[in-house]
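If you're wondering where the values come from, they're calculated on a predicted model, not measured in any experiment.
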Amino acid sequence: MARIAFADRCLIQEVDGKTCLVFRLVNQRRTPVINVTIRAAVLLKKITAEGQPSFAYKTFSLDTCDIPLFVGGLQVKHIIDESSPLAPLR
């Protein structure tokens, strides 16, 4: 069983001059996890023209998606640009 822990918080910070969402993962096993794929999504709430709430999942790209050998901790970044579903947070 893969035991992966996520940090309690994520950050929005400048990395190499770009605004990024940054979060950390850690492999809690004593052995490496092989062929890890990381995906991320955000749940967005919108109000329709009729005033009803509507929810949609939007996936977003990560700088590290496929990890052949996940041993310890890992910092994952998403660049928040115009195409990002997180662009309003910039």
Inset, instruction - Specify the closest pair of heavy atoms between Ser54 and Thr48, including all atoms of both residues, with the distance to one decimal. - result: CB-CG2, 4.0 Å
Legend entry - Path from Ile79 to Val42 over hydrophobic side-chain contacts below 4.5 Å: no
Inset, instruction - With the side chain counted from C-beta on, respond yes when Leu21 and Leu86 share a heavy-atom pair under 4.5 Å apart, and no when they do not. - result: yes
Legend entry - Joint cluster assignment, Ile80 & Val15, ILVMFWY side-chain distance < 4.5 Å: no
Inset, instruction - Check whether any side-chain heavy atom of Val76 sits under 4.5 Å from a side-chain heavy atom of Val22, and report yes or no. - result: no
Inset, instruction - Rounded to the nearest 0.5 Å, what's the gap from CZ on Arg29 to CZ on Arg3? Could you check? - result: 8.0 Å
Show every donor-acceptor pair shorter than 3.5 Å between a side-chain atom in residues 6-13 and any protein atom, with sequence neighbours excluded, or say none if there are none.
none

Result block: side-chain N/O donor-acceptor pairs under 3.5 angstrom for residues 63-74, not counting sequence neighbours:
from: Asp63; atom 1: OD1; to: Lys77; atom 2: N; distance (Å): 2.9
from: Asp63; atom 1: OD2; to: Lys77; atom 2: NZ; distance (Å): 3.2
from: Asp66; atom 1: OD1; to: Thr37; atom 2: OG1; distance (Å): 3.2

Inset, instruction - Please confirm whether the backbone N or O of Ser61 pairs with a side-chain atom of His78, one donor and one acceptor, at under 3.5 Å? - result: yes
Inset, instruction - Can you measure from CD (Glu14) to OG1 (Thr19) and round to the nearest 0.5 angstrom? - result: 3.5 Å
Inset, instruction - Give a yes or no on whether Val36 and Leu62 share a hydrophobic cluster (residues Ile, Leu, Val, Met, Phe, Trp, Tyr; joining criterion: side-chain heavy atoms under 4.5 Å apart). - result: yes
Inset, instruction - Identify whether Tyr57 and Leu44 are in the same connected component of the hydrophobic contact network (ILVMFWY, side-chain heavy atoms under 4.5 Å). - result: no
